[in-house]
K.L.:
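Starting off with a structure, shown below.
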Amino acid sequence: MADEGRIFRLLIINPGSTSTKVSLFENEVSLFEKSIFHDAPVLLQFPHVNLQIPFRYQVILDMLKEENVDPAEIDVFVGRGGSACTQPGGVTKIDQKLYDDTEAAVGGSEHPAKLGVMLAWKFAQEFGKEAYTLNPTNVDEYCDYARLTGIRGLYRVSHSHVLNQKAVAEAHAKTLGKRYEDCNFIVGHIDGGITVSAHEHGKMIDGNMGSDGEGAFTPTRIGSVPVLALLDYIEEHSVEEVRLMCSRAGGFVSLFGTSNSDTIHDLVVKGDRKASLVWNTLIYQVCKMVGEMSAVLCGKVDGILLTGGLMRFDDIAEGIRRRCGWIAPISVYPGEMEQEALAYGVLKVLRGEAQAMTYSGKNVWQGFDGVEF
């Protein structure tokens, strides 16, 4: 399919925990970008994230109809991904095996990003085209120290906003006149989900498992909770309820009944004491995560990069700068660079400038070298 002179039309599908974002690119040019917010009560109508596929598929079709775009005229469908076996960074061609493992969540995470792969494959099958993904949430570049836990046979894995974090890190490195591979960054994606990761010389070597209940609580997630306290909670509730709260029904949803950050922030501005306590606790917990990652990088940090939808609120950056500005310079990239990253990465493959990987169906990490447990 490589053709340097051809104009390619790429539909970029990016499902998030509270939104569906779609862009149509002709080569590097974005013809349109639309994002539909889904409040938590809407998505919680679906008992399992996979059951959102028909709903989100129709949302995308409606977007295309509004823009007078015939999906049959799109050349390639590109979806954000996750939930399959861990994968190396880069572009991967979506095939039936990747679809099946994503649907089954063999990687153990039910992040809504997985729907990007599933929707892109559904469109590709419907219209006889190809589908790709780039830097899904389960890209694994962790160092060994980031994997081990105090339970035999239980290991930490990479579940993060890899796509946006790497895109922002690469863009920021260019502003410094450097390559991403030559820098050390702490990158925080702060939105419906929150992940903060340590990037050392082009590799994301550690970070929190955001959709697994680790790190700061978020608009939709519980974050880290003391294990014994959580066990006590499960005695009066259900394991499935807690699983749901790890990814879709925790955080603001549990505390306020909505995942709408604008609603909560409006209350903060009006001086509501409960909203202010919750909002500032979220910022406080993010700061603790930044501190952890600075230790991972031995204090050798070229920059702290803050990105994601919640960075539209200036007080979040101010709060993090107050507690963490001594670590390294802080730069803010509101929103995300995911749409462009997905389009540009796949364009390189279509033009023959890079090669897409084939999903292996095996985890990247196969154990500690020379060590058995």
K.L.:
I'd like to know if Asp206 and Arg156 make a salt bridge, using a cut-off of under 4.0 Å between side-chain N and carboxylate O.
P.N.:
yes

K.L.:
If I compare all heavy atoms of Ser160 with all of Ser197, which pair ends up nearest, and what's the gap?
P.N.:
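Smallest heavy-atom distance, with atoms named: OG-OG, 3.4 Å.
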
K.L.:
Centre of Phe256's six-membered ring, under 6.0 Å away, within 45 degrees of the axis: is that where NZ or CZ of Lys274 sits?
P.N.:
yes

K.L.:
If you round to the nearest 0.5 Å, how far is CG of Leu306 from OG of Ser331?
P.N.:
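One gets 8.0 Å once the value is rounded to the nearest 0.5 Å.
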
K.L.:
So, Ser158 side chain and Val139 main chain: donor-acceptor pair closer than 3.5 Å or not?
P.N.:
yes

K.L.:
Between the main-chain N or O of Thr86 and the side-chain N or O of Asn363, is there a donor-acceptor pair closer than 3.5 Å?
P.N.:
yes

K.L.:
Answer yes if Leu61 and Leu31 sit in the same cluster of Ile, Leu, Val, Met, Phe, Trp and Tyr residues linked by side chain heavy atoms under 4.5 Å apart, and no otherwise.
P.N.:
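Yes.
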
K.L.:
To check you understand the geometry: which heavy-atom pair defines the closest contact between Ala275 and Ile264, and what is its length?
P.N.:
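The pair with the smallest heavy-atom distance is CB-O, 3.9 Å.
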
K.L.:
Please evaluate residues His111 and Ser247 with respect to the criterion side-chain hydrogen bond (donor to acceptor under 3.5 Å, both in side chains), reporting the C-alpha separation (whole Å), side-chain torsions for both, the decisive distance (0.1 Å), and the verdict.
P.N.:
CA-CA 7 Å; His111 191 282; Ser247 59; over 6 Å; no

K.L.:
Taking C-beta and beyond as the side chain, do Ile316 and Trp279 meet within less than 4.5 Å on heavy atoms?
P.N.:
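Yes; the side chains approach each other to less than 4.5 Å.
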
K.L.:
With the threshold set at 4.0 Å, does a side-chain nitrogen-carboxylate oxygen contact exist between Arg243 and Glu110?
P.N.:
no

K.L.:
Output yes when a side-chain donor or acceptor of His237 lies under 3.5 Å from a complementary backbone atom of Tyr233, and no otherwise.
P.N.:
yes

K.L.:
Aromatic contact between Phe123 and Tyr57, with the criterion being ring centroids under 6.0 Å apart: yes or no?
P.N.:
yes

K.L.:
Do Met357 and Lys93 have side chains that get closer than 4.5 Å, going by heavy atoms?
P.N.:
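Side-chain contact under 4.5 Å: no.
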
K.L.:
State whether the side chain of Asn138 and the backbone N or O of His159 hold a donor-acceptor pair below 3.5 Å, judged by distance alone.
P.N.:
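Not confirmed, Asn138 side chain does not pair with His159 backbone.
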
K.L.:
Checking Leu11 against Val76 for the side-chain contact (heavy atoms from CB on, under 4.5 Å) test, could you report, in this order, the C-alpha distance in whole Å, the side-chain angles of both residues, the deciding distance, and whether it holds?
P.N.:
CA-CA 6 Å; Leu11 188 71; Val76 178; over 6 Å; no

K.L.:
Can you measure from NZ (Lys288) to OG (Ser224) and round to the nearest 0.5 angstrom?
P.N.:
8.5 Å

K.L.:
Would you kindly confirm whether Met118 and Leu43 end up in one hydrophobic cluster when ILVMFWY residues are joined by side chain heavy atoms under 4.5 Å apart?
P.N.:
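Per the 4.5 Å side-chain linkage, Met118 and Leu43 are co-clustered.
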
K.L.:
So, the side chain of Thr218 versus the backbone of Gly192: is there a donor-acceptor pair under 3.5 Å, distance only?
P.N.:
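A pair under 3.5 Å: yes.
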
K.L.:
Kindly indicate, with the supporting measurements, whether the criterion side-chain hydrogen bond (donor to acceptor under 3.5 Å, both in side chains) is fulfilled by Gln87 and Asp140.
P.N.:
CA-CA 6 Å; Gln87 299 168 242; Asp140 188 354; over 6 Å; no

K.L.:
Find the distance between CG (Asn27) and CG (Leu10) and round it off to the nearest 0.5 Å.
P.N.:
7.5 Å

K.L.:
Are Val49 and Lys114 packed together at the side-chain level, in the sense that at least one heavy-atom pair is separated by less than 4.5 angstrom?
P.N.:
yes

K.L.:
Is a donor on one side and an acceptor on the other found under 3.5 Å between the side chain of Asp95 and the backbone of Lys97?
P.N.:
yes

K.L.:
Indicate yes or no: at least one non-hydrogen side-chain atom of Ile74 is less than 4.5 angstrom from one of Val69.
P.N.:
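Side-chain contact under 4.5 Å: yes.
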
K.L.:
Can you name the closest pair of heavy atoms from Pro112 and Gly16 and give their distance?
P.N.:
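Heavy atoms only, the tightest pair is CB-O, 3.6 Å.
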
K.L.:
The test is side-chain contact (heavy atoms from CB on, under 4.5 Å); show your working for Asp191 and His189 and say whether it passes.
P.N.:
CA-CA 6 Å; Asp191 204 355; His189 179 107; 3.8 Å; yes

K.L.:
Backbone N or O of Val268 within a donor-acceptor pair of the Asp272 side chain at under 3.5 Å?
P.N.:
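Looks like no, no N/O pair under 3.5 Å.
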
K.L.:
For Ala249, does its backbone N or O pair with a side-chain atom of Arg221 as donor and acceptor, under 3.5 Å?
P.N.:
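No: the side chain of Arg221 does not pair with the backbone of Ala249.
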
K.L.:
OG of Ser254 to CZ of Arg248: how many Å apart, nearest 0.5 Å?
P.N.:
14.5 Å

K.L.:
Are Val364 and Met209 connected, step by step, through hydrophobic side chains (Ile, Leu, Val, Met, Phe, Trp, Tyr) whose heavy atoms are closer than 4.5 Å?
P.N.:
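Looking at the clustering, Met209 is in a separate group from Val364.
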
K.L.:
Using the test ring-ring contact (aromatic ring centres under 6.0 Å, His included), find all partners of Phe185 that sit at least two apart in sequence or belong to another chain.
P.N.:
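With sequence neighbours excluded, Phe185 shows a ring-ring contact (aromatic ring centres under 6.0 Å, His included) to His172, given in chain and number order.
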
K.L.:
How many angstroms lie between OG1 in Thr133 and CG in Leu98, if you round to the nearest 0.5 Å?
P.N.:
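Answer for the OG1-CG pair, Thr133 versus Leu98, is 7.0 Å.
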
K.L.:
Take Phe25 and Ile12, measure what side-chain contact (heavy atoms from CB on, under 4.5 Å) needs, and give me the verdict at the end.
P.N.:
CA-CA 8 Å; Phe25 280 78; Ile12 312 301; 3.7 Å; yes

K.L.:
Could you report the tightest heavy-atom contact between Gly108 and Asp212, atom names first, then the distance?
P.N.:
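Nearest pair, atom of Gly108 first, then Asp212: O-OD2, 4.2 Å.
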
K.L.:
For Leu228, I'd like to know if atom CG has over 12 heavy atoms of other residues, nucleotides or ligands within 6.0 Å.
P.N.:
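Open.
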
K.L.:
Tyr180 versus His201: any side-chain heavy-atom pair under 4.5 Å?
P.N.:
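In short, these two side chains do not touch, never coming nearer than 4.5 Å.
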
K.L.:
Could you tell me whether the side chain of Thr137 and the main chain of His161 form a donor-acceptor pair under 3.5 Å?
P.N.:
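It does not hold such a pair.
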
K.L.:
Once ring-ring contact (aromatic ring centres under 6.0 Å, His included) is applied, do any residues pair with Phe46, and if so which ones, sequence neighbours excluded?
P.N.:
Phe55

K.L.:
With a 4.0 Å cut-off on N to O distance, would you call Glu66 and Lys34 a salt bridge?
P.N.:
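Yes.
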
K.L.:
Can Arg147 and Asp144 be counted as an ion pair, charged N to O under 4.0 angstrom?
P.N.:
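Yes, charged N to carboxylate O under 4.0 Å.
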
K.L.:
Tyr155 and Phe373: side-chain contact (heavy atoms from CB on, under 4.5 Å), yes or no, with the steps?
P.N.:
CA-CA 11 Å; Tyr155 305 105; Phe373 287 94; 3.9 Å; yes

K.L.:
At what distance, to the nearest 0.5 angstrom, does OG of Ser294 lie from CH2 of Trp326?
P.N.:
5.5 Å

K.L.:
Side chains of Leu282 and Val278, heavy atoms from C-beta outward: is any pair under 4.5 Å?
P.N.:
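No, every pair of side-chain atoms sits at 4.5 Å or beyond.
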
K.L.:
Indicate if Ile53 and Val42 have the same hydrophobic cluster label, given that clusters are the connected sets of ILVMFWY residues with side-chain heavy-atom separations under 4.5 angstrom.
P.N.:
yes

K.L.:
Looking at Arg179 and Asp182, does any basic side-chain N land under 4.0 Å from a carboxylate oxygen?
P.N.:
yes

K.L.:
Check Val301 against Ala328 and note the closest heavy-atom contact, atom names and distance.
P.N.:
O-CB, 3.5 Å

K.L.:
For the pair Asp302 (side chain) and Cys183 (backbone), establish whether a donor and an acceptor sit closer than 3.5 Å, ignoring hydrogens and angles.
P.N.:
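No, because the side chain of Asp302 does not come within donor-acceptor range (under 3.5 Å) of the backbone of Cys183.
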
K.L.:
Answer yes or no: is there a side-chain heavy-atom contact under 4.5 Å between Ile190 and Phe313?
P.N.:
no

K.L.:
Hydrogens and angles aside, do Asn14 and Gln339 bring a side-chain donor and acceptor to less than 3.5 Å of each other?
P.N.:
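Short answer, yes.
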
K.L.:
Look at the rings of Trp121 and Tyr99 and say which category their plane angle falls in: under 30° parallel, 30 to 60° tilted, over 60° perpendicular.
P.N.:
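Answer is tilted, since the angle falls between 30° and 60°.
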
K.L.:
Are Arg351 and Glu28 close enough for a salt bridge, meaning some N to O gap below 4.0 Å?
P.N.:
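A salt bridge is present here (some side-chain N lies under 4.0 Å from a carboxylate O).
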
K.L.:
Can you find a pair of side-chain heavy atoms, one from Thr195 and one from Gln165, that are under 4.5 Å apart?
P.N.:
yes

K.L.:
Apply side-chain hydrogen bond (donor to acceptor under 3.5 Å, both in side chains) to the pair Asp39 and Ser259, showing each step before the final yes or no.
P.N.:
CA-CA 6 Å; Asp39 200 357; Ser259 60; 3.1 Å; yes

K.L.:
Is Met63 reachable from Leu115 through a run of hydrophobic residues whose side-chain heavy atoms are each under 4.5 Å from the next?
P.N.:
yes

K.L.:
Which pair of non-hydrogen atoms, one from Gly90 and one from Asn135, has the smallest distance, and what is that distance?
P.N.:
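Reported closest heavy-atom pair: N-OD1, 2.8 Å.
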
K.L.:
Will you find, in the side chains of Tyr359 and Asp101, an N or O donor that is under 3.5 Å from an N or O acceptor?
P.N.:
yes

